[in-house]
Amino acid sequence: MSKKNTHTNVKVVPKKGEPFEKMLKRFIKKVKKERVIEQVKERRYYEKPSVTRRKAKLEGIKKQKKREREFQKKINSNNDSNYKKKRG
């Protein structure tokens, strides 16, 4: 099992004549892309590997159920439109 990237260095070099606000905005965008804040929150407390696996498994189950619901909606909407065409 591979470890996640533990070290994240976000660096923003100011461009010539660039306002501070624009540079700050670029920095914030890079921080979000690199998930720095999320990593800090995740590592705030130790979590046993079994708990991490359990959470990942439950998340996967949730996603699968959501996909199934969306698929059923799509099928039902197609059936309804076909039904209306035949009757109407």
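Values in this document were obtained by computation on a predicted structure and should not be read as measured data.
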Closest contact, heavy atoms only, Q39 versus E34: NE2-O, 3.9 Å
Just how far is it from atom NZ of K73 to atom CD of E68, taken to the nearest 0.5 Å? 14.0 Å
Say you draw a straight line from CD of E42 to OG1 of T52; how long is it, rounded to the nearest 0.5 Å? 9.0 Å
According to a hydrophobic-cluster definition based on side-chain heavy atoms being under 4.5 Å apart (Ile, Leu, Val, Met, Phe, Trp, Tyr only), do V10 and V13 belong together? no
Under 3.5 Å donor-acceptor, K30 side chain and V12 backbone: no
Is the closest basic N to carboxylate O distance between K25 and E18 below 4.0 Å? no
Atom CZ in R26, atom NZ in K15: separation rounded to 0.5 Å? 4.5 Å
Step by step, work out the side chain to side chain donor-acceptor pair (under 3.5 Å) result for Q64 and R67. CA-CA 5 Å; Q64 181 64 30; R67 276 190 241 121; 2.8 Å; yes
Going by heavy atoms in the side chains, are V51 and K55 under 4.5 Å from each other? yes
F71: partners by side-chain contact (heavy atoms from CB on, under 4.5 Å), with sequence neighbours left out: I75
R69 side chain near K66 side chain, heavy-atom distance below 4.5 Å: yes
In chain order, what residues pass the side-chain contact (heavy atoms from CB on, under 4.5 Å) check against K62, with sequence neighbours excluded? E59
